[in-house]
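In what follows, a structure is listed as structure tokens, so that the remarks can point back to it.
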Amino acid sequence: STGNGVVRLILAGVTITSRTAAAISVQAAPKVVIVLQAGTKNTLTDGATRAVTDTASGALYSRAPLTISGSGALRVNGRHGDAIAGTDGVVIAGGAITVSAKDDGIRGRDFLYVSGGTISVTAQSDGFRSTGKKASTVGYVYVGGGRITISAQGSAVHGISDVVIAGGTLKLTSVGDAISSSCVSFVEKATVSIVTSAKAMHSNGETVMHGGTVVISKALEGLEGASA
């Protein structure tokens with residue numbers, strides 16, 4: 001779309017499978033909202049291979065700001081790389097979302113913002129990830145609500161700038177650091193349980209606990225930051 005309006009895509013009991021591309025690929029739009037219709041189950045699966053010219057890194061891929069909302073169910077199978085990936089910001093506002101990924105589970109380049117929903121992630125790299133190039137302004141992960149379960153071979157939650165967990169219930173299992181950031185790792189008003197083979201909370205800047213509950217059942221180290 002080249003117009004100025006919001007593009008809304010309602011998923012109401014669909015199964016989309018591709019052998020050689022993303023299941024859904026948004027190339028141009030001011031903003032995209034995917035609505036998971038109540039009472040429906042939806043599945044997206046991408047191809048394990050891509051053409052050399054195909055840059056879509058996820059089974060659900062967007063080059064525009066992406067929001068997922070609604071109360072239906074969505075399963076995303078990322079056989080090539082990421083399950084859900086956006087080159088702008090990604091917002092998860094609702095839904096019962098289950099993803100499995102060969103690379104990252106859910107990735108927003110500029111930011112990943114989770115305010116609700118029930119989310120289950122199994123990833124061979126990071127679970128939640130934001131990779132913005134300008135760490136001072138973008139590249140953050142924010143969790144303000146929802147019930148989240150992540151099993152990751154990399155970090156469970158990784159922000160190139162900040163990771164802020166301000167609400168919700170999170171169960172994090174990881175081989176890499178459970179919560180990792182370059183600037184600030186911050187937990188407030190959330191319940192977080194952690195099992196990791198590395199550090200529970202790691203930051204190259206500050207690691208801050210301001211209320212909430214963090215239970216670390218297993219970790220190489222607990223909290224680490226340049227200033228904590």
Side-chain angles (χ1 to χ4, degrees), residues 65 67-68 82 84-86 88-94 97 99 104-123 125-228:
T67 297
I68 300 174
D82 304 333
I84 300 172
D88 205 291
V90 173
V91 176
I92 309 292
I97 300 172
V99 307
D104 299 326
I106 303 177
R107 177 170 61 85
R109 186 183 69 179
D110 287 355
F111 61 84
L112 173 57
Y113 189 103
V114 179
S115 60
T118 300
I119 304 169
S120 177
V121 176
T122 302
S125 188
D126 296 337
F128 285 177
R129 181 178 174 89
S130 184
T131 56
K133 295 181 179 180
K134 297 179 181 179
S136 61
T137 57
V138 294
Y140 67 87
V141 177
Y142 176 91
V143 178
R147 298 182 64 85
I148 298 161
T149 303
I150 297 176
S151 177
Q153 295 300 302
S155 294
V157 182
H158 182 200
I160 199 68
S161 61
D162 299 338
V163 171
V164 177
I165 300 176
T169 301
L170 296 87
K171 182 179 180 180
L172 309 179
T173 303
S174 65
V175 175
D177 298 336
I179 300 172
S180 177
S181 71
S182 294
C183 296
V184 177
S185 292
F186 183 89
V187 174
E188 177 186 32
K189 297 179 182 178
T191 300
V192 184
S193 62
I194 293 173
V195 175
T196 179
S197 299
K199 298 163 186 173
M201 291 179 63
H202 168 78
S203 174
N204 293 332
E206 295 182 313
T207 298
V208 180
M209 287 286 300
H210 187 70
T213 301
V214 177
V215 177
I216 303 170
S217 300
K218 175 186 174 183
L220 184 66
E221 295 182 26
L223 311 182
E224 180 186 62
S227 57

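Quick caveat, the model's predicted, so the values are computed rather than measured.
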task: Calculate, to the nearest 0.5 Å, the distance between atoms CD and NE2 belonging to E188 and H210 respectively.
output: 5.0 Å
- line: By side-chain contact (heavy atoms from CB on, under 4.5 Å), V175 pairs with (sequence neighbours left out) Q153
- request: Identify, with sequence neighbours excluded, every residue that meets side chain to side chain donor-acceptor pair (under 3.5 Å) alongside S181.
  value: S185, S203
statement: Across all chains, not counting sequence neighbours, the side-chain contact (heavy atoms from CB on, under 4.5 Å) partners of A200 are I194, I216, A219
- prompt: Got a sec, which residues hit salt bridge (charged side-chain N to carboxylate O under 4.0 Å, His left out) with D177, two or more places apart in sequence or on another chain?
  reply: none
- request: Determine, stepwise, if the pair R107 / T131 fulfils side chain to side chain contact (heavy atoms under 4.5 Å, CB included).
  value: CA-CA 8 Å; R107 177 170 61 85; T131 56; 3.8 Å; yes
task: Sequence neighbours left out, what passes side-chain contact (heavy atoms from CB on, under 4.5 Å) with Y142? Give chain and number order.
output: Y113, Y140, V164, A166
query: Once you round to the nearest 0.5 Å, how far does CD1 of I97 lie from OG of S120?
result: 11.0 Å
task: List the steps and the verdict of side chain to side chain contact (heavy atoms under 4.5 Å, CB included) for V195 and L172.
output: CA-CA 6 Å; V195 175; L172 309 179; over 6 Å; no
query: Any side-chain heavy atom of I119 sitting closer than 4.5 Å to one from I106?
result: yes
field: Flag, side chain of S182 to backbone of I160, donor-acceptor distance under 3.5 Å
entry: yes
- prompt: Going by heavy atoms in the side chains, are V99 and T122 under 4.5 Å from each other?
  reply: no
query: Of the non-hydrogen atoms in S130 and G108, which two are nearest, and what is the gap between them?
result: OG-O, 2.8 Å
- prompt: Just wondering, do H202 and I179 contact through their side chains at under 4.5 Å, heavy atoms?
  reply: no
query: What do the steps show when you test I165 against V163 for side chain to side chain contact (heavy atoms under 4.5 Å, CB included), and what is the final call?
result: CA-CA 7 Å; I165 300 176; V163 171; 4.2 Å; yes
- prompt: Tell me, do V215 and V192 make a side-chain contact under 4.5 Å, heavy atoms counted?
  reply: no
query: Just by distance, do the side chain of S161 and the backbone of G139 share a donor-acceptor pair under 3.5 Å?
result: yes
query: With no hydrogens and no angle check, is any side-chain donor or acceptor of S155 less than 3.5 Å from a backbone partner on S180?
result: no
message: Is any side-chain heavy atom of M209 closer than 4.5 Å to one of V214?
response: yes
- prompt: Is I150 close to T173 at the side-chain level, that is, under 4.5 Å between some pair of heavy atoms?
  reply: no
Qualifying residues under ring pair (Phe, Tyr, Trp, His ring centres under 6.0 Å), relative to F186, sequence neighbours excluded: none
message: Can you list everything that forms a side-chain contact (heavy atoms from CB on, under 4.5 Å) with T169? Sequence neighbours excluded, please.
response: R147, T191
- request: For the pair N204 (side chain) and C183 (backbone), establish whether a donor and an acceptor sit closer than 3.5 Å, ignoring hydrogens and angles.
  value: no
query: Can you find a heavy atom in the side chain of V114 that is under 4.5 Å from one in the side chain of F128?
result: yes
message: So which atom in D126 and which in H158 form the shortest heavy-atom distance, rounded to 0.1 Å?
response: OD2-ND1, 3.1 Å
task: Measure the shortest side-chain to side-chain distance between I68 and V90 over non-hydrogen atoms and say whether it is less than 4.5 angstrom.
output: no
- line: Across all chains, not counting sequence neighbours, the side chain to side chain donor-acceptor pair (under 3.5 Å) partners of S174 are T196
